[in-house]
Visitor: 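Here you go, one structure.
As a basis for the values below, the full set of heavy atoms in this structure was taken, side chains included, without hydrogen atoms, waters or symmetry mates.
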Amino acid sequence: MPKIKSHSGAAKRFKRTASGSFKRGQSHRSHILTKKSTKRKRHLRIGAIICQADARMVSRMLPYS
């Protein structure tokens with residue numbers, strides 16, 4: 001059997017944690033930052049965990065992670 005290709009877009013966005021779940025970055029952090037408060041931008045730096053409903057789909061897109 002040939003290797004399964006990873007979804008390149010998902011590989012750039014998600015990383016698997018040591019416990020087996022996936023982490024992701026927050027949205028709204030790339031541009032138009034002048035109108036957002038410093039507190040809001042600071043809280044957007046912290047990553048989040050993928051919810052259980054989406055974890056199966058992400059693990060399918062990243063078979064070897």
Visitor: Give a yes or no on whether Lys41 atom NZ has more than 12 heavy-atom contacts from other residues, nucleotides or ligands under 6.0 Å away.
Guide: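 Count over threshold, so yes.
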
Visitor: Can you list, pair by pair, the side-chain donor-acceptor contacts under 3.5 Å of residues 6-20, counting residues two or more places apart and other chains?
Guide:
residue: His7; atom: ND1; partner: Gly9; partner atom: N; Å: 3.3
residue: His7; atom: ND1; partner: Ala10; partner atom: N; Å: 3.1
residue: Arg13; atom: NH1; partner: Gly9; partner atom: O; Å: 3.0
residue: Lys15; atom: NZ; partner: Ala11; partner atom: O; Å: 3.3
residue: Arg16; atom: NE; partner: Ser65; partner atom: O; Å: 3.1
residue: Arg16; atom: NH1; partner: Gly20; partner atom: O; Å: 2.7
residue: Thr17; atom: OG1; partner: Ser19; partner atom: OG; Å: 3.2
residue: Thr17; atom: OG1; partner: Ser21; partner atom: N; Å: 3.3
residue: Thr17; atom: OG1; partner: Ser21; partner atom: O; Å: 3.0
residue: Thr17; atom: OG1; partner: Ser21; partner atom: OG; Å: 3.0

Visitor: Going by heavy atoms in the side chains, are Gln26 and Arg24 under 4.5 Å from each other?
Guide: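 Yes - at least one pair of side-chain heavy atoms lies under 4.5 Å apart.
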
Visitor: Suppose we screen for side chain to side chain contact (heavy atoms under 4.5 Å, CB included). Which residues come up paired with Ser37, at least two apart in sequence or across chains?
Guide: Lys39, Arg40

Visitor: Between Lys35 and Ile32, what is the shortest heavy-atom contact and its length?
Guide: CE-CG2, 3.4 Å

Visitor: Give the table of side-chain donor-acceptor pairs shorter than 3.5 Å for residues 44-64, with sequence neighbours excluded, one pair per line with atom names and distance.
Guide:
residue: Ser59; atom: OG; partner: Ala55; partner atom: O; Å: 3.2
residue: Ser59; atom: OG; partner: Arg56; partner atom: O; Å: 2.8
residue: Tyr64; atom: OH; partner: Ile4; partner atom: N; Å: 3.1

Visitor: Looking only at heavy atoms, what is the nearest atom pair of His28 and Lys36, with distance?
Guide: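 Answer, listing the atom of His28 first, then Lys36: O-NZ, 3.0 Å.
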
